[in-house]
Amino acid sequence: MDTRFSGIADLVETPSVAVVVDVMRAYTVAAWAFAQGAEKIVLAESLEAALALKARHPDWVTLKDGPPAPGFDAVNSPGLLRSIDLTGRTVVQKTTAGTVGALAVKGAGLVLCAGFVVAEATAQLLRTHDVAGVTFVVTGEDGRAEEDLACAQYIAGRATGAGTDPADFLRRAAASRAAVELAAGRRQGAHPDDVALCLELDRFPFAMVATSEGTLMVLRPHALP
Ligand SMILES: O=C(O)[C@H](CS(=O)(=O)O)OP(=O)(O)O
Ligand SMILES: [Mg+2]
């Protein structure tokens, strides 16, 4: 399996298979939303698009990164989201990096969204599909976010069958700028447990697959045997 790593802006062509990685915090949050019962997550193009969807579907749950804001029901924090019952709900998510990365590869044949919490399930799905090549979209900090790069490299190792030890990858993520800033309370819309929750390896047994449904890009959990 050929593996490539790219920042969002560096994507030169639409890959056939993409794994979009955002450890802190978009795809840790997405996984928690599914664990809390959400049926699907609509990845919104913009804050305005998220609010327009909410206007058309008042029962949908809007979620954005940063501080709480009018029109949004939740923030991009696993620690805060884990106490919200989302059974059967549709979530609309808009964040700075994670959702942007997925929308950048909208045309790919297979789009997975991932963090450490779904690492093995993501790798297993790649192995099952026997893909020839995969592009990992490292969403944070123009492709240089250490937590996203470490997670992408870990999943790549698992997908290609290498006996990858997670310890070093998790250590790199724990020392990343995002982890340090979250732990120091310098990011808004956060819970003290957010970093720890983002570093829970294989917390969930499902991968997350994004597909186009009409004009929307929709993320759903994909259970593995
Ligand atoms: O919510 C997040 O962690 C970030 C935004 S910021 O770095 O906190 O400003 O968004 P994401 O797209 O999940 O990286
Ligand atoms: Mg991030």
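Whatever order the structure lists ligands and atoms in, that order sets their numbers, starting from 1. Scope of the values below: all heavy atoms of this structure, side chains included, with no hydrogens, waters or symmetry mates. Quantities reported herein were computed from a predicted structural model and do not represent experimental measurements.
Listed by first and then second residue, the ring pair (Phe, Tyr, Trp, His ring centres under 6.0 Å) pairs that reach into residues 47-70 are His57-Trp60, sequence neighbours excluded. Sorted by first then second residue, the salt bridge (Lys or Arg N to Asp or Glu O under 4.0 Å) pairs that include residues 150-159, not counting sequence neighbours, are Glu120-Arg158.
A pairwise comparison of heavy atoms in Leu51 and Pro70 identifies CD2-O, 4.2 Å as the closest pair. In terms of heavy-atom proximity, Ala179 sits nearest to Ala173 at CB-O, 3.4 Å. Between Phe5 and Ala156 the shortest heavy-atom distance is CZ-CB, 3.9 Å. Between Val131 and Met1, the shortest heavy-atom contact is O-CG, 3.5 Å.
Around the CZ atom of Arg172, the shell of radius 6.0 Å holds more than 12 heavy atoms that belong to other residues, nucleotides or ligands.
Put simply, the side chain of Thr139 gets close to the backbone of Val21: a donor and an acceptor are under 3.5 Å apart.
Closer than 4.0 angstrom to ligand 1 lie heavy atoms from Asp22, Met24, Arg25, Ala26, Asp65, Asn76, Thr95, Thr96, Ala97, Gly98, Arg187.
Each protein N/O/S atom under 2.8 Å from the Mg ion (ligand 2) was counted, for a total of 2.
Of the candidates Thr95, Leu182, Val195, Arg25 forms a side chain to side chain contact (heavy atoms under 4.5 Å, CB included) with just one, namely Leu182.
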